**Student:** 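So that we are looking at the same thing, I have put the structure below in structure tokens.
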Amino acid sequence: MAPRTVLAVLFDGLQSLDVTGPLEVFAGADRIAPGAYRIRTASLDGAPVRTTSGLTLVPDESLTGASDPDILLVPGGPGSLRPDPRLVDWVRERGPRAARLVSVCTGAAVLAGAGLLDGRRATTHWAYCERIAREHPAVEIDPDPVYVRDGHISTSAGVTAGIDLALALVEEDLGRDAALTIARHLVVFLRRPGNQAQFSAQLAAQTAHREPLREVQRWITDHPDADLSVDTLADRARLSPRHFARAFRAETGMTPGRYVDRVRLEHARRLLEDTVDGVEEIARTSGYGTPEAMRRAFVRTLGTPPAEYRRRFRPATTP
């Protein structure tokens with residue numbers, strides 16, 4: 001089988017890990033299966049580019065002279081949010097020719113600017129979802145997943161999500177064992193599924209301004225198995241249920257119910273990954289009550305039941 005060519009687009013102001021992370025995955029795959037991938041990098045004029053961390057990257061060639069790749073990788077960084085128009089034009093012309101078009105982090109802004117995400121579902125770094133959705137209303141931006149695959153176009157969330165997406169592509173090409181071997185080598189312990197949330201409940205929600213609401217947030221995290229109804233939480237905050245629900249959403253960015261759902265799911269995930277506790281016990285201590293209730297929550301949010309989640313993401317040796 002001929003090598004699959006991976007071409008990473010380079011430009012000033014890119015985030016270095018958006019490039020090096022995925023390319024290390026493909027390079028690792030090529031060590032496992034020699035000849036599987038051929039990695040190239042290119043900039044508009046073939047000139048070196050400077051990354052946000054101060055590193056200088058020297059491309060292999062210019063974009064105008066590059067052959068059409070099997071996988072075209074567009075990284076993110078500040079440079080992707082105000083790209084050179086020539087870069088957008090090149091991606092608009094050459095992106096559809098790639099068998100797989102991939103963006104990392106805010107690289108989705110380049111694809112969107114080229115019109116390649118119109119009518120498609122995509123994701124990007126959570127901090128820029130609102131901006132990109134506003135600037136490109138024809139694109140369905142989903143702020144939650146680690147990565148989204150829509151046809152031949154794949155978009156991923158911030159920084160390390162590009163590694164998750166690259167591992168998924170390698171698994172598709174070379175099989176699960178190859179992907180897991182690469183993950184172990186890179187010490188990427190948990191290869192996250194694309195629909196896993198980008199961040200924890202505590203990071204997803206803002207910290208409330210008022211101490212009574214912050215105390216409620218802490219209480220939810222420490223007591224996922226407690227009665228976490230709006231009435232009970234409002235009583236802890238010494239507010240009426242209606243005032244509490246309105247204030248909680250205004251100060252955290254999500255409803256009390258959604259926050260509780262995320263905390264419980266995160267708690268259950270950690271127990272599945274880090275303990276040998278049974279599913280029934282985990283469901284109880286995480287506040288679900290029954291294994292079936294926990295199963296519905298996992299399938300609805302992560303697209304996989306608890307038992308399969310544990311099989312995928314618990315280490316071979318449990319602490």
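Sequential numbering from 1 along the given sequence is applied to the chain's residues. The structure presented is a predicted model; accordingly, all values stated were derived computationally and were not measured. Because only heavy atoms are used, hydrogens play no part in the values below, and waters and symmetry mates are left out as well, while side chains stay in.
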**Student:** Closer than 3.5 angstrom, by distance alone: can the side chain of Arg310 be matched with the main-chain N or O of Leu272 as a donor-acceptor pair?
**Tutor:** yes
**Student:** When you compare the side chain of Met294 with that of Ile282, does any pair of heavy atoms fall below 4.5 Å?
**Tutor:** yes
**Student:** Can you measure from CG (Leu111) to CG (Asp118) and round to the nearest 0.5 angstrom?
**Tutor:** 11.0 Å
**Student:** Identify whether Val88 and Ile153 are in the same connected component of the hydrophobic contact network (ILVMFWY, side-chain heavy atoms under 4.5 Å).
**Tutor:** no
**Student:** With a 4.0 Å cut-off, would you call Arg270 and Glu266 a salt bridge?
**Tutor:** yes
**Student:** Could you check whether atom CD of Glu135 has more than 12 heavy atoms from other residues, nucleotides or ligands sitting under 6.0 Å from it?
**Tutor:** yes
**Student:** Could you tell me whether the side chains of Tyr288 and Arg264 share a donor-acceptor contact shorter than 3.5 Å?
**Tutor:** no
**Student:** Hey, are Arg149 and Glu172 close enough for a salt bridge, meaning a charged N less than 4.0 Å from a carboxylate O?
**Tutor:** yes
**Student:** Looking at Thr304 and Glu308, would you say the former's side chain and the latter's main chain have a donor-acceptor pair under 3.5 Å?
**Tutor:** no
**Student:** With a 4.5 Å heavy-atom cut-off, do Val25 and Val170 have their side chains touching?
**Tutor:** yes
**Student:** At their closest point, which heavy atom of Ser80 faces which heavy atom of Pro83, and how far apart are they?
**Tutor:** O-CD, 3.4 Å
**Student:** For Arg249, is the CZ atom crowded, meaning more than 12 foreign heavy atoms sit under 6.0 Å from it?
**Tutor:** no
**Student:** Would Arg100 and Leu169 count as a side chain to side chain contact (heavy atoms under 4.5 Å, CB included) here? Give the steps.
**Tutor:** CA-CA 9 Å; Arg100 292 164 170 160; Leu169 297 177; 4.0 Å; yes
**Student:** Are the side chains of Phe11 and Leu44 in touch, meaning some heavy atoms are under 4.5 Å apart?
**Tutor:** no
**Student:** Output, in order, the C-alpha distance, side-chain angles, deciding distance and verdict of side chain to side chain donor-acceptor pair (under 3.5 Å) for Asp142 and Thr123.
**Tutor:** CA-CA 5 Å; Asp142 189 339; Thr123 193; 5.8 Å; no
**Student:** Atom OG in Ser286, atom CG in Leu271: separation rounded to 0.5 Å?
**Tutor:** 5.0 Å
**Student:** Please determine whether the number of non-hydrogen atoms from other residues, nucleotides or ligands lying under 6.0 Å from atom CD of Glu280 exceeds 12.
**Tutor:** no
**Student:** How many angstroms lie between CG in Leu265 and CZ in Phe298, if you round to the nearest 0.5 Å?
**Tutor:** 5.0 Å
**Student:** To the closest 0.5 Å, what do you measure between CG (Leu14) and CG (Leu57)?
**Tutor:** 6.0 Å
**Student:** Carefully, step by step, assess Val9 and Trp90 under the rule side chain to side chain contact (heavy atoms under 4.5 Å, CB included).
**Tutor:** CA-CA 10 Å; Val9 176; Trp90 187 90; 4.1 Å; yes
**Student:** For Tyr128, does the OH atom sit with more than 12 other heavy atoms under 6.0 Å from it, leaving out its own atoms?
**Tutor:** no
**Student:** Are Arg218 and Glu211 ion-paired here, with the side-chain N under 4.0 Å from a carboxylate O?
**Tutor:** yes
**Student:** Measure across Val263 and Ile220 and return the closest heavy-atom pair with its distance rounded to 0.1 Å.
**Tutor:** CG1-O, 3.7 Å
**Student:** From Leu117 CG over to Ile132 CD1, what is the distance, rounded to the nearest 0.5 angstrom?
**Tutor:** 9.0 Å
**Student:** Taking the side chain as every heavy atom from C-beta outward, state whether Arg246 and Thr255 have any atom pair closer than 4.5 Å.
**Tutor:** no
**Student:** Which heavy-atom pair separates Gly95 from Leu72 by the least distance, and what is that distance?
**Tutor:** CA-CD2, 3.9 Å
**Student:** Distance alone, cut at 3.5 Å: any donor-acceptor contact between the side chains of Thr106 and His125?
**Tutor:** no
**Student:** Is the backbone of Thr181 close enough, under 3.5 Å, to the side chain of His185 for a donor and an acceptor to pair up by distance?
**Tutor:** no
**Student:** Counting distance only, does the side-chain N/O of Thr232 pair as donor-acceptor with the main-chain N or O of Leu228 below 3.5 Å?
**Tutor:** no
**Student:** With sequence neighbours left out, what residues match Asp261 under salt bridge (charged side-chain N to carboxylate O under 4.0 Å, His left out)?
**Tutor:** none
**Student:** Can you tell me how far the OG1 atom of Thr124 sits from the CZ atom of Arg131, to the nearest 0.5 Å?
**Tutor:** 10.5 Å
**Student:** If every non-hydrogen atom of Leu17 is compared with every non-hydrogen atom of Thr160, which pair is closest and at what distance?
**Tutor:** CD2-CG2, 4.2 Å
**Student:** Test salt bridge (charged side-chain N to carboxylate O under 4.0 Å, His left out) on Arg86 and Asp45 and set out the steps.
**Tutor:** CA-CA 10 Å; Arg86 295 179 299 157; Asp45 301 311; 3.3 Å; yes
**Student:** For Glu292, is there an ion pair with Arg296 - N to carboxylate O distance below 4.0 angstrom?
**Tutor:** yes
**Student:** Say whether, by atom type as modelled, one donor and one acceptor occur between the side chain of Arg94 and the main chain of Ala66 under 3.5 angstrom.
**Tutor:** yes
**Student:** Would you say that more than 12 heavy atoms from the other residues, nucleotides or ligands in this model lie under 6.0 Å from the CZ of Arg82, or not?
**Tutor:** no
**Student:** For Thr56 and Thr51: C-alpha separation, side-chain torsions, deciding distance, then whether side chain to side chain contact (heavy atoms under 4.5 Å, CB included) applies.
**Tutor:** CA-CA 6 Å; Thr56 296; Thr51 71; over 6 Å; no
**Student:** Is Glu61 close to Arg40 at the side-chain level, that is, under 4.5 Å between some pair of heavy atoms?
**Tutor:** yes
**Student:** Determine whether Leu23 and Thr41 make a side-chain contact, defined as any pair of heavy atoms from C-beta on separated by less than 4.5 Å.
**Tutor:** yes
**Student:** How about Thr221 and Tyr259: do any of their side-chain heavy atoms sit closer than 4.5 Å?
**Tutor:** yes
**Student:** Please report the closest heavy-atom contact between Leu63 and Ala42, naming both atoms and the distance.
**Tutor:** CD2-CB, 3.6 Å
**Student:** Have a look at Tyr37 and tell me which of Asp30, Asp173, Asp70 forms a side-chain hydrogen bond (donor to acceptor under 3.5 Å, both in side chains) with it.
**Tutor:** Asp173
**Student:** Taking all atoms of both residues into account, what is the closest heavy-atom pair of Ser103 and Ser156, and its distance?
**Tutor:** O-OG, 2.9 Å
**Student:** Using distance alone, with no hydrogens and no angle criterion, decide if Ser229 and Asp227 have a side-chain donor and acceptor under 3.5 Å apart.
**Tutor:** yes
**Student:** Are any of the side-chain nitrogens in Glu140 or Arg120 under 4.0 Å away from the carboxylate oxygens of its partner?
**Tutor:** no
**Student:** Please assess Thr52 against Ser16 for the test side chain to side chain contact (heavy atoms under 4.5 Å, CB included), listing each intermediate value before the final yes or no.
**Tutor:** CA-CA 7 Å; Thr52 55; Ser16 57; 5.7 Å; no
**Student:** Do Arg238 and Phe244 touch side chain to side chain, with heavy atoms closer than 4.5 Å?
**Tutor:** no
